[in-house]
Visitor: 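Here it is, the structure in full.
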Amino acid sequence: MRWTRQRLTERIEARIHATLAAGFLDEVRRLRDGDPLSRTARQAIGYGELLDHLDGRCTLAEAVERFVLRTRQFAVRQDRWFRRDPRIRWVDVVNDPVAEGRPVLLDELSR
């Protein structure tokens with residue numbers, strides 16, 4: 001099953017909200033208040049958006065919205081990249097990635 005754009009966005013939003021609930025904003029705050037972050041680190045997906053919020057350049061809701069957008073754009077680029085590679089074998093996972101992926105992996109390893 002290929003992801004629809006809506007389903008992809010829903011999963012990304014859920015993961016980002018779970019990450020925030022687990023303390024990601026506090027982690028970014030601690031990093032900002034500690035040693036200076038490199039320019040590269042300040043631009044990393046999620047970090048850059050939350051730093052903008054912490055520095056007063058946007059609301060938390062706006063930062064999260066941009067975090068979701070940039071993550072979705074990155075996921076789409078990854079999908080396009082891997083779709084072009086004939087060595088990639090896609091596995092449809094419904095419930096259990098390990099149980100459902102194991103037969104495919106074992107098949108590939110036995111070739």
Side-chain angles (χ1 to χ4, degrees):
M1 172 181 89
R2 299 300 297 192
W3 293 107
T4 64
R5 181 166 287 171
Q6 179 180 353
R7 181 70 176 131
L8 177 65
T9 301
E10 289 169 359
R11 288 185 54 113
I12 288 169
E13 285 176 354
R15 184 165 185 148
I16 287 172
H17 287 289
T19 301
L20 290 167
F24 186 47
L25 182 59
D26 292 330
E27 175 185 330
V28 173
R29 183 179 289 114
R30 281 191 303 274
L31 289 171
R32 181 194 67 166
D33 295 343
D35 292 331
L37 292 170
S38 69
R39 182 171 188 233
T40 301
R42 292 185 71 81
Q43 294 174 349
I45 296 174
Y47 288 89
E49 292 76 20
L50 294 180
L51 287 167
D52 282 347
H53 163 66
L54 292 171
D55 293 340
R57 288 188 286 275
C58 65
T59 66
L60 180 57
E62 291 167 335
V64 171
E65 185 178 323
R66 288 198 315 258
F67 188 178
V68 169
L69 174 65
R70 286 189 63 210
T71 303
R72 186 180 58 76
Q73 290 169 335
F74 184 70
V76 168
R77 283 194 306 274
Q78 284 182 316
D79 180 64
R80 287 181 187 142
W81 173 269
F82 286 117
R83 211 176 325 143
R84 291 189 308 253
D85 190 334
R87 300 169 299 168
I88 301 297
R89 184 166 168 193
W90 295 98
V91 179
D92 292 333
V93 174
V94 177
N95 296 311
D96 183 351
V98 174
E100 295 170 43
R102 181 181 296 126
V104 176
L105 177 61
L106 292 174
D107 181 54
E108 288 296 319
L109 290 173
S110 68
R111 289 181 184 208

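Keep in mind the model is a prediction, meaning the values are calculated, not measured. FYI, side chains are in, hydrogens and waters are out, and symmetry mates aren't considered; it's all heavy atoms of this structure.
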Visitor: Is the number of heavy atoms from other residues, nucleotides or ligands under 6.0 Å of Gln78 CD greater than 12?
Guide: yes
Visitor: Between atom CZ of Arg80 and atom CZ of Arg77, what is the distance when rounded to the nearest 0.5 Å?
Guide: 9.0 Å
Visitor: Going through the distances and angles, do Glu65 and Cys58 end up as a side-chain contact (heavy atoms from CB on, under 4.5 Å)?
Guide: CA-CA 11 Å; Glu65 185 178 323; Cys58 65; over 6 Å; no
Visitor: Are the charged groups of Arg30 and Asp26 less than 4.0 angstrom apart, N to O?
Guide: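 So Arg30 does not pair with Asp26 through a salt bridge.
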Visitor: For the CG atom of Leu25 and the CG atom of Leu60, what is their distance to the nearest 0.5 Å?
Guide: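 Answer rounded to 0.5 Å: 6.0 Å.
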Visitor: More than 12 foreign heavy atoms under 6.0 Å from CZ of Arg111: is that the case here?
Guide: yes
Visitor: Does any N or O in the side chain of Glu100 come within less than 3.5 Å of the main-chain N or O of Val94, such that one atom is a donor and the other an acceptor?
Guide: yes
Visitor: Of the options Arg32, Glu27, Arg42, which is the one that meets Tyr47 in a side chain to side chain donor-acceptor pair (under 3.5 Å)?
Guide: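 Passing option: Glu27.
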Visitor: Please report the interatomic distance NE2(His53) to CZ(Arg66), rounded to the nearest 0.5 Å.
Guide: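 With rounding to 0.5 Å, NE2 (His53) is 11.0 Å from CZ (Arg66).
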Visitor: With side-chain contact (heavy atoms from CB on, under 4.5 Å) as the criterion, how do Leu51 and Leu37 come out once you've worked through the C-alpha distance, each side chain's angles and the decisive distance to 0.1 Å?
Guide: CA-CA 11 Å; Leu51 287 167; Leu37 292 170; 3.9 Å; yes
Visitor: With side chains defined as the heavy atoms from C-beta onward, is the minimum distance between Leu105 and Val91 less than 4.5 Å?
Guide: no
Visitor: If we only count heavy atoms from C-beta on, is the Glu10 to Gln6 side-chain gap below 4.5 Å?
Guide: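 When only atoms from C-beta onward are counted, Gln6 and Glu10 do touch, with a gap below 4.5 Å.
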Visitor: Does any non-hydrogen side-chain atom of Val64 lie less than 4.5 Å from one of Thr59?
Guide: no
Visitor: Mind listing the closest non-hydrogen atom pair of Phe74 and Ile45 along with its distance?
Guide: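 Reported closest heavy-atom pair: CB-CD1, 3.8 Å.
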Visitor: What do you reckon, is CG of Asp35 surrounded by more than 12 foreign heavy atoms closer than 6.0 Å?
Guide: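 Counting neighbours around CG of Asp35, 12 or fewer heavy atoms of other residues, nucleotides or ligands fall under 6.0 Å, so no.
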Visitor: Identify the two heavy atoms, one from Ile12 and one from Ala75, that lie closest to each other, and give their separation to 0.1 Å.
Guide: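 For Ile12 and Ala75, the tightest heavy-atom pair comes out as CD1-CB, 4.2 Å.
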Visitor: Checking Asp55 side chain against Arg57 main chain: does a donor-acceptor pair fall under 3.5 Å?
Guide: no
Visitor: Any idea how Phe24 and Phe67 line up, ring-wise: parallel (<30°), tilted (30 to 60°), or perpendicular (>60°)?
Guide: tilted
Visitor: What heavy-atom pair brings Ile88 and Phe82 nearest, and what distance separates the two atoms?
Guide: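 Scanning both residues completely, I find the closest heavy atoms to be CG1-O, 3.5 Å.
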Visitor: Just by distance, do the side chain of Glu49 and the backbone of Gly46 share a donor-acceptor pair under 3.5 Å?
Guide: yes
Visitor: Calculate, to the nearest 0.5 Å, the distance between atoms CZ and CG belonging to Arg29 and Leu31 respectively.
Guide: 11.5 Å
Visitor: For atom CZ of Arg89, is the number of surrounding heavy atoms from other residues, nucleotides or ligands below 6.0 Å larger than 12?
Guide: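 More than 12 within 6.0 Å, yes.
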Visitor: Could you report the tightest heavy-atom contact between Ile16 and Thr71, atom names first, then the distance?
Guide: CD1-OG1, 3.8 Å
